[in-house]
Number of protein chains: 2
Amino acid sequence: MNVTIKDIANLAGVSYSTVSKALNDSELVKPETKDKILKIAKELGYEPNFAAQRLVSKQTKTIGLVWPSIERATLSTLVTKINEEISKYSYSMILSINPVKTSFDMFKRFQVDGMIVFEENDETLTDQSLTSSIPTIAHGVAGNNVLPVIDVNWQQAMYDAVNYLYKLGHSKIAFIGDFSPVDRRQMEKFKGFQKAMKEFNLPVNAENLVNAGGLDWYDGYVATKKLLHSTYKPTALIGSSYDISSGIIRSLREENIIIPKDMSVIGYDNIPQMGTLETPLTSVGVPIDQLAVKIVDSLMKLINDKSSVPHVQIMTPEIVERASCSK
Amino acid sequence: MNVTIKDIANLAGVSYSTVSKALNDSELVKPETKDKILKIAKELGYEPNFAAQRLVSKQTKTIGLVWPSIERATLSTLVTKINEEISKYSYSMILSINPVKTSFDMFKRFQVDGMIVFEENDETLTDQSLTSSIPTIAHGVAGNNVLPVIDVNWQQAMYDAVNYLYKLGHSKIAFIGDFSPVDRRQMEKFKGFQKAMKEFNLPVNAENLVNAGGLDWYDGYVATKKLLHSTYKPTALIGSSYDISSGIIRSLREENIIIPKDMSVIGYDNIPQMGTLETPLTSVGVPIDQLAVKIVDSLMKLINDKSSVPHVQIMTPEIVERASCSK
DNA sequence: TTGAAAGCGGTACCAA
DNA sequence: TTGGTACCGCTTTCAA
């Protein structure tokens, strides 16, 4: 059996409510008594029963993060950052890699104080049944979202990328991305690209629009290969994700195309790893730290005051230059 | 305020102990009563208070998994498998990406029924303070391990790889791995390679031993490049991890070296992804499913009977042929 | 400054 | 088949 405050009370010769106070460092206990109690508690190896505490206090100081697809690398950086951010508030984070509903149920059982979900598909954010009594923040594309969401201006990110290249003098710009319509984030990026191209009177067609059909580096690699062997000769490439961009670089190297001399490249995803690729890449996107801070901040606000968080918050992307583009 | 069994009892006009029984599907409640109670519970949107249940039952049906370095891809497959395996026992899994000690403390607070840790460094398994009242299984290299550990016969894996190649007629076999001495798993692989080579009277020296200095694909890529441009001309390569092997393939392709015609390649890590690489790779290692099953099985045994699990269990690797080797 | 006692939301045993 | 009740371990008034 575990040590309880009653055991301590017995040995200390005080009531157990006094022990409780002492352990919580209350002002109402005489210092000597407190010391004595603390000492005994230590000797006995006392560990508070969290379930009992919770039953009374209704606080767990824990955030649950739902992350059903751990195999996608880019997000792991964000998760790590979020974890750090949460610690700053002296909260803990637990992770579940089960489907959203299952995870929510589990977190509910554990009575976490708050939850964070990443958008998985269209329904993640709009499914009515996912409303929760527990403060929850989602990260994904705003729409009919049931939960308050932290969104990113994906369109603008791509617009900025095109604009950046255009200003450098490029007009033959290709976009390599995943156009599977289930992923709204990818769709948004695509729209942004289209919009920018149109504005600059540049064509968007089957030639400069390359569907990688997936988000792994290999998809980007194959897509780029195909592009390079087509008749269209772009002078600049935009990769729609970190992994895809890494595939692009590989393809270019194999073909002995030098970045940025022969080809300018910009990648989406503003994570530090962009700078440690084979060829460091100029990238566009919301800096991952900012995103983590915003998510955690919003959640904490939501926990303290249910009505204090906007239903949609959109983050502005930035360009980080790493010399992978030239005129 | 949340709905409690007392609320239900009031509305149903029964005592709350009856409600408790009904909700737990006890035989001792008349079906009609049960139905009525269940119906009311549903209407009220009743959700049991887990903390209260736990306070009494002392069971959480939850396993905590400590995984401080989520950024390493290979393990994510194992984690996913473990999660699946745990579900089969109708347990849930929660994950912590904090340092081992911090994670243990948190899991303890949540009173998980069991824990799983992956070896991070020498101390993870030997640190006395990590003994825990909660049943815990570690995965890593056995040694002075405090916790029961599921180990893999890394040496034999590499031995098998060399043997396999040798039998095919290769004698110029190079090993590309990470020799940083902090990672005991890597060290073990290296030893196995050495041992096998010695047995077949093949030399081990600076030429065929390539230190990638890291575990990312890029490390393997650079190392292979270097090797290919050296005077030593191997006919077979062994990659010490999935990522490194993927770098090897890539280097070979760039140099127009065909697998397996011009070069035989075996990779460590027995995960399905080995078959979906640019060039599917013959690989050696403990099949990841087996590993997951063993880990979870052992943990469940440990939970049910503290003394039933051997202090060290070593899994035997297997070779999966995928036509990346020839004579 | 300390203690007594009333819960928190359940489970489980015993009595009715 | 149901109800009464004693806990589980702790926090938090309220009295002493």
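Note on naming: letters A, B, ... go to the chains in the order of the sequence lines (proteins, then strands), and numbering restarts at 1 for each one.
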By nearest-heavy-atom nucleotide on DNA chain C, the more 5' of A/Ser17 and A/Glu27 is A/Glu27
Any donor-acceptor pair under 3.5 Å linking the side chain of A/Asn304 with the backbone of A/Met300? yes
base_contact_polar (C/dG3 base, A/Lys21 side chain, donor-acceptor, <3.5 Å): yes
Of the listed D/dT2, D/dT11, C/dT11, the closest approach to the B/Val29 side chain comes from D/dT2
- Item | Ionic contact status for A/Glu188 with A/Arg185, cut-off 4.0 Å | no
Contact class for B/Phe50 vs. all strands (heavy atom < 4.0 Å): base, sugar-phosphate, or nothing? nothing
Separation of C/dT1 atom P from A/Lys36 atom NZ, nearest Å, is 15 Å
B/Lys34 NZ to D/dT1 P, in whole Å, measures 9 Å
Taking for B/Thr18 and for B/Ala51 the nucleotide of DNA chain C with the nearest heavy atom, the one nearer the 5' end belongs to B/Ala51
When rounded to whole Å, the CD to P distance for the pair A/Glu32 and C/dT2 reads 8 Å
For B/Glu47, which contact category applies under a 4.0 Å heavy-atom criterion: base, sugar-phosphate, or nothing?
-> sugar-phosphate
B/Lys6 atom NZ is separated from C/dC8 atom P, nearest whole Å, by 6 Å
To the nearest angstrom, the CZ-P distance between A/Arg109 and C/dG9 comes to 18 Å
Can you tell me if the side-chain N/O atoms of A/Tyr16 get under 4.0 Å from OP1 or OP2 in D/dT12?
no
Query raised in the report: For B/Ser57, which contact category applies under a 4.0 Å heavy-atom criterion: base, sugar-phosphate, or nothing?
Result: nothing
From CD of A/Gln111 across to P of C/dG9 the rounded distance in Å is 9 Å
Here the distance between atom C1' of D/dT2 and atom CG of B/Leu28, to the nearest Å, is 10 Å
Between CD1 of A/Ile37 and P of C/dT1 the distance, given in whole Å, is 13 Å
- According to a strict under-4.0 Å criterion, is A/Lys58 in side-chain N/O contact with OP1 or OP2 of C/dG9? yes
Side-chain heavy-atom pair B/Asp151, B/Gln313 within 4.5 angstrom cut-off: no
Quick check on A/Lys294: does its NZ atom have over 12 non-hydrogen neighbours (other residues, nucleotides or ligands) under 6.0 Å away? no
Margin query: Check this for me: does any side-chain nitrogen of one of B/Lys39 and B/Glu43 sit under 4.0 Å from a carboxylate oxygen of the other?
Written below: yes
Query - Validation row: A/Ile94, B/Met106 side chains within 4.5 angstrom (heavy atoms) - result: yes
Quick note, B/Gln53 side chain, CB onward, closest among D/dT1, C/dA4, C/dT11 is C/dT11
Quiz item: For D/dT2, does either OP1 or OP2 sit under 4.0 Å from a side-chain N or O belonging to B/Ser15?
Solution: no
Considering only heavy side-chain atoms of A/Pro31, the closest of D/dC10, C/dT1, C/dG10 is C/dT1
Out of D/dT2, C/dG10, C/dT2, minimum distance to the side chain of B/Asn49 belongs to C/dG10
Just to confirm, is there a sub-4.0 Å distance from OP1 or OP2 of D/dG9 to any side-chain nitrogen or oxygen of A/Thr4? no
Regarding the side chain of B/Leu55, the nearest nucleotide among D/dC8, C/dT1, C/dA5 is D/dC8
Ranking C/dG9, C/dT1, D/dG9 by distance to the side chain of A/Thr33, first place goes to C/dT1
